Amino acid sequence: MSLWQKAIEDAVRKTKANIERYGDLFPHVSKNGSYLLNDNTDWTDGFWSGILWLCYEYTQDETFKKAAVRTVESFRHRLNQHRHLDHHDIGFLYSLSSKAQWIIEKDEAAKQLTLQAADVLMKRWRPKGQYIQAWGKEGDEHNGGRIIIDCMMNLPLLYWAYEHTGNESYRDAAVIHADLSRRFLVRGDDSSYHTFYFNQENGEALRGGTHQGYMDGSTWTRGQAWGIYGFALSYRYTRNPLYLETSRRMARYFLERLPEDDVVYWDFNAPVKAETKRDSSASAITAAGVLELLSHLEPDDADRAFLEDGLHRTMTSLVENYSTIGQSDAEGLLEHGSYSVRGNNAPDDYMIWGDYYYLEALLRLERGIPGYWYERK
Ligand code: GLY
């Protein structure tokens with residue numbers, strides 16, 4: 001059995017036990033070794049759906065499918081109630097729940113729900129500034145003009161909605177936002193700001209900043225990871241080579257800075273001391289993103305060997321040093337993720353998105369199953 005297969009089998013076993021544990025609730029981040037659960041109210045809840053769909057695709061075991069479909073019904077309820085959707089993370093939520101069901105099952109109701117979700121995301125588009133507002137209400141003094149790099153992973157929902165409807169407003173919003181992110185969130189040395197502020201009235205660029213990073217000008221490792229994967233996906237949908245180049249450069253920046261055990265600290269600018277926290281979820285997202293990036297490179301691409309080596313080192317260390325293999329009662333798959341070290345919020349715990357991207361990367365390596373960010377041809 002390969003190392004990847006061993007890790008997948010362990011993840012599948014743990015997920016099955018977690019279905020019993022969680023019932024209709026959704027895991028978010030952990031405290032004292034147990035996931036904190038919510039009632040489908042957070043930005044993270046799609047990752048549990050995604051894990052269930054991945055396990056179903058790998059095993060064909062109906063237990064996973066039944067549980068995954070239950071989460072989709074919960075997401076339908078959330079949308080119908082218009083609750084807890086007043087942010088840009090609609091892409092994370094509905095790509096991995098209803099869009100996954102559409103991709104796997106060609107379920108028409110799931111497709112319609114996903115299109116409705118794209119409309120909800122479009123409500124975050126700000127025509128005056130020409131960007132997707134990440135957080136807060138329209139006109140909000142602090143967040144009204146703010147974009148964040150994480151949003152690159154929400155754009156696939158809009159590109160996908162364009163493909164299914166022909167309505168260009170979805171694609172135009174995604175492309176304009178991706179261009180703006182490339183120009184202002186990614187810096188000349190291929191590092192990134194977590195967030196950037198614009199004048200809400202006229203779109204004038206104001207300044208970069210951070211929310212979860214070490215300081216305003218630092219490179220939060222998870223933000224860099226969102227960029228690597230997000231720009232590669234924008235390339236897949238648009239074939240604009242600038243997006244591929246951006247993903248590639250951001251990936252080089254990330255992989256050139258791997259620490260001695262190949263799993264990153266929480267911010268590339270945080271001073272490294274014995275107690276400095278890691279973010280295993282940033283490494284898992286990057287691994288999944290580099291797999292997407294590699295899928296677009298020619299066999300003889302000059303960066304291929306470097307990227308493959310970084311991917312292999314990252315995944316090997318995640319499995320050998322960060323996974324919970326060998327802890328049969330553990331709920332999470334990956335230890336030492338950090339939600340917000342800066343805010344002292346789950347600075348060294350399981351992160352449900354870390355678990356999702358870890359499993360996605362494993363399944364892509366082992367079985368060629370690529371997750372649910374785009375339609376399979
Ligand atoms: N998208 C929120 C985070 O990465 O913490």
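Worth knowing before you read on, the calculation uses all heavy atoms, side chains too, and leaves out hydrogens, waters and symmetry mates. Nothing here was measured: the structure is a model prediction, and the numbers come from that model.
Ser98 contributes atom OG, which lies 9.5 Å from atom CG of Leu93 (distance to the nearest 0.5 angstrom). Interatomic distance, Ser247 OG to Ile228 CD1, rounded to the nearest 0.5 Å: 6.5 Å. With rounding to the nearest 0.5 Å, the separation of CD1 in Ile147 from OG in Ser181 is 4.0 Å. Between Leu37 atom CG and Asp24 atom CG the span is 11.5 Å, to the nearest 0.5 Å. In this structure, OG on Ser192 lies 10.0 Å from CZ on Phe254, to the nearest 0.5 angstrom. Atom-to-atom distance recorded for Gln133:CD and His177:NE2 is 11.0 Å, nearest 0.5 angstrom.
Using a 4.0 Å cut-off between a side-chain N of Lys or Arg and a carboxylate O of Asp or Glu, Glu9 and Lys6 do not qualify as a salt bridge. Ion pairing between a basic and an acidic side chain is recognised when a charged N comes within 4.0 Å of a carboxylate O; Asp309 and Arg313 show such pairing. Look at Glu245 and Arg248 and you find a salt bridge, because one of the NZ, NE, NH1 or NH2 atoms lies within 4.0 Å of a carboxylate O, short of that distance. Under the 4.0 Å criterion applied to side-chain N and carboxylate O atoms, Asp140 and Lys137 are not assigned as salt-bridge partners. We find that Arg376 and Glu57 are joined by a salt bridge, their nearest charged nitrogen and carboxylate oxygen being less than 4.0 Å apart.
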Quiz item: Step by step, would you call Arg252 with Asp190 a salt bridge (charged side-chain N to carboxylate O under 4.0 Å, His left out)?
Solution: CA-CA 8 Å; Arg252 282 204 71 98; Asp190 309 327; over 6 Å; no
Quiz prompt | Test log, rule salt bridge (charged side-chain N to carboxylate O under 4.0 Å, His left out), inputs Glu138 and Lys123 | solution = CA-CA 10 Å; Glu138 186 161 10; Lys123 295 205 172 91; over 6 Å; no
Exercise. Any chance you could lay out the side-chain hydrogen bond (donor to acceptor under 3.5 Å, both in side chains) test for Ser74 and Asn40, step after step, and finish with the verdict?
Key: CA-CA 7 Å; Ser74 171; Asn40 203 349; 2.7 Å; yes
Quiz item: Would Arg76 and Glu73 count as a salt bridge (charged side-chain N to carboxylate O under 4.0 Å, His left out) if you check the C-alpha gap in whole Å, the side-chain angles of each, and the deciding distance to 0.1 Å?
Solution: CA-CA 5 Å; Arg76 185 185 309 285; Glu73 287 318 304; 3.2 Å; yes
Exercise. Please lay out, stage by stage, how Glu108 and Gln112 fare under the test side-chain hydrogen bond (donor to acceptor under 3.5 Å, both in side chains).
Key: CA-CA 6 Å; Glu108 185 59 32; Gln112 293 307 323; 2.8 Å; yes
Practice problem: Please report the C-alpha distance between His336 and Asp349 in whole Å, then the side-chain angles of each, then the deciding distance to 0.1 Å, and finally whether the side-chain hydrogen bond (donor to acceptor under 3.5 Å, both in side chains) criterion is met. | Solution: CA-CA 5 Å; His336 306 307; Asp349 294 275; over 6 Å; no
Quiz item: Does the side-chain hydrogen bond (donor to acceptor under 3.5 Å, both in side chains) test come out yes or no for Glu366 and Tyr58, once each step is laid out?
Solution: CA-CA 10 Å; Glu366 185 64 25; Tyr58 180 75; over 6 Å; no
Quiz item: Under the salt bridge (charged side-chain N to carboxylate O under 4.0 Å, His left out) criterion, do Glu375 and Lys99 qualify, and how do the steps go?
Solution: CA-CA 9 Å; Glu375 204 85 33; Lys99 179 141 75 73; over 6 Å; no
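The only member of Thr59, Leu362, Ile369 that meets side chain to side chain contact (heavy atoms under 4.5 Å, CB included) when paired with Leu54 is Ile369. Checked against His211 for a ring-ring contact (aromatic ring centres under 6.0 Å, His included), the options Trp220, Trp135, Tyr197 give a single hit: Trp135. Remark: of the listed residues Trp48, Tyr350, Tyr339, Tyr339 is the sole one forming a ring-ring contact (aromatic ring centres under 6.0 Å, His included) with His28. Exactly one residue among Asp348, Asp261, Asp267 makes a salt bridge (Lys or Arg N to Asp or Glu O under 4.0 Å) with Arg278. That residue is Asp261.
Take His164 and apply the ring-ring contact (aromatic ring centres under 6.0 Å, His included) test, not counting sequence neighbours, and it matches Trp102, Trp160. Contacts of Phe196 classified as ring-ring contact (aromatic ring centres under 6.0 Å, His included), with partners at least two apart in sequence or in another chain: Phe184, Tyr193, Phe198.
Looking at Asp39 and Phe26, their side chains never come closer than 4.5 Å, going by heavy atoms from C-beta outward. Asn202 places none of its side-chain heavy atoms less than 4.5 Å from the side chain of Lys128.
Using a 4.5 Å cut-off between side-chain heavy atoms of Ile, Leu, Val, Met, Phe, Trp and Tyr, with links allowed through other members, Leu242 and Tyr159 fall into different hydrophobic clusters.
Between the side chains of Tyr56 and Gln101, no donor-acceptor pair is found at a separation under 3.5 Å. For the residue pair Ser49 / Ser97, no side-chain donor-acceptor distance below 3.5 Å is found, with atom types taken as modelled.
Both cation-pi conditions hold for Arg257 and Tyr253: the charged atom is under 6.0 angstrom from the six-membered ring centre and inside a 45 degree cone around its axis. The side-chain tip of Arg236 points at the ring of Tyr374 from less than 6.0 angstrom away and within 45° of straight on.
Closest approach of Pro156 and Leu233 over heavy atoms only: CG-CD1, 3.9 Å. The two residues Val290 and Leu307 have their closest heavy-atom pair at CG1-O, 3.9 Å.
Tyr356 and Trp373 have perpendicular rings, their planes meeting at more than 60° on a 0 to 90° scale where under 30° would count as parallel.
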